[in-house]
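Counting begins at 1 with the first residue of the sequence. Bear in mind that the values here come from a model prediction, so they are computed numbers and not experimental data.
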Amino acid sequence: MPRLSEVITALENLWPAERAESWDAVGTVVGDPDQEVSRVLFAVDPVQEIVDEAVKLDADLLVTHHPLYLRGTTTVAATHFKGRVVHTLIKNDIALHVAHTNADTADPGVSDALAGALDLRVVRPLVPDPTDPDGRRGLGRVCELDHPLTVRELAARAAERLPATAQGIRVAGDPEATVRTIAVSGGSGDSLFDQVRAAGVDAFLTADLRHHPVSEAVAQSPLALLDAAHWATEWPWCELAAAQLDEISDRHGWDLRVHVSKTVTDPWTAHAASARPSPTTALPTSASRAPSSSSTTGAPN
């Protein structure tokens with residue numbers, strides 16, 4: 001049975017901490033380097049629900065994508081929800097290790113897993129890592145579809161292949177436009193619009209898209225945008241990472257039992273579709289700006 005220090009060394013080889021962004025908080029948060037590890041759980045978020053799952057699983061190590069303390073802290077008191085996470089981990093001898101932006105840019109990384117979930121062929125990184133002579137590492141991926149799809153069909157594929165969330169998939173652009181090439185980036189991606197336009201792709205699938213960047217993006221080009229839930233775009237990485245650790249375990253004869261949490265930790269829990277206005281519904285006058293008194297019902301969006 002390997003010690004935690006040995007398993008962490010293997011994880012650091014997959015996702016070196018020095019490749020994380022300067023603002024990030026990656027690496028081992030809790031854990032005794034000499035403790036033995038037999039069972040590992042992968043998840044996106046280090047929240048209490050996931051930690052409780054690790055306890056029930058009798059896991060020795062929890063590996064998450066998102067950091068527990070991204071902005072630092074001055075206390076781990078159990079009176080705070082993050083402090084309770086730390087207390088639960090320590091009381092149950094569970095280590096916590098984080099791979100965040102160092103996993104985003106890895107080869108393979110978060111966006112490779114996202115592309116794989118959607119049956120896309122990865123062509124190259126969207127934002128290449130200049131320190132990689134092979135040109136395989138970097139943020140996001142430029143991909144090709146196995147056959148052309150409309151934006152509507154591509155959104156349906158994403159809704160079917162990615163884990164179900166309350167948000168589903170939002171679309172900006174012409175739903176009937178044809179997509180042959182697409183950029184993907186797990187997690188928040190609206191800071192990448194310049195690189196996406198430069199890549200010349202037909203569509204971009206990511207998460208956390210905001211009103212103004214999207215409005216400007218669709219005004220500048222026919223680029224279609226697909227906005228999925230943040231958690232859903234990053235969860236496929238957990239399966240990829242677990243498979244990578246499984247392979248390492250087999251190679252070293254560790255006999256680790258590696259699990260992926262299927263608990264949905266996306267913070268959004270429900271979605272109410274807007275009702276489409278009836279063509280006969282009167283609009284408010286410019287003078288009164290008052291809402292129409294007539295109720296409107298229709299097919300959900």
> Which residues satisfy the salt bridge (charged side-chain N to carboxylate O under 4.0 Å, His left out) test with Glu247, sequence neighbours excluded?
Replying inline: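 Once residues adjacent in sequence are excluded, the partners of Glu247 under the salt bridge (charged side-chain N to carboxylate O under 4.0 Å, His left out) criterion are Arg251.
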> side-chain contact (heavy atoms from CB on, under 4.5 Å) with Val184: which of Leu114, Val142, Val201, Leu226?
Replying inline: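 That would be Leu114.
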> For Arg136 and Arg124, what are the C-alpha separation, side-chain angles and deciding distance, and is it a side chain to side chain contact (heavy atoms under 4.5 Å, CB included)?
Replying inline: CA-CA 6 Å; Arg136 296 177 60 87; Arg124 63 184 185 276; over 6 Å; no
> Are the charged groups of Arg152 and Glu176 less than 4.0 angstrom apart, N to O?
Replying inline: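 Salt bridge between Arg152 and Glu176, a charged N being under 4.0 Å from a carboxylate O: yes.
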> Should Asp58 and Arg39 count as an ion pair when the cut-off is N to O under 4.0 Å?
Replying inline: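 Salt bridge flag = no for Arg39 with Asp58.
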>> With a 6.0 Å cut-off (strictly less than), is the heavy-atom count around CZ of Arg180, excluding the residue itself, greater than 12?
In response: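 Incorrect, the count does not exceed 12.
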With the side chain counted from C-beta on, respond yes when [X] and [Y] share a heavy-atom pair under 4.5 Å apart, and no when they do not.
X	Y	result
Arg3	Val37	no
Leu62	Ile50	yes
Trp268	Trp231	no
His230	His66	yes
His65	Cys238	no

> Any donor and acceptor pair, going by atom type alone, linking the side chain of Asp227 with main-chain N or O of Arg170 inside 3.5 Å?
Replying inline: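 No.
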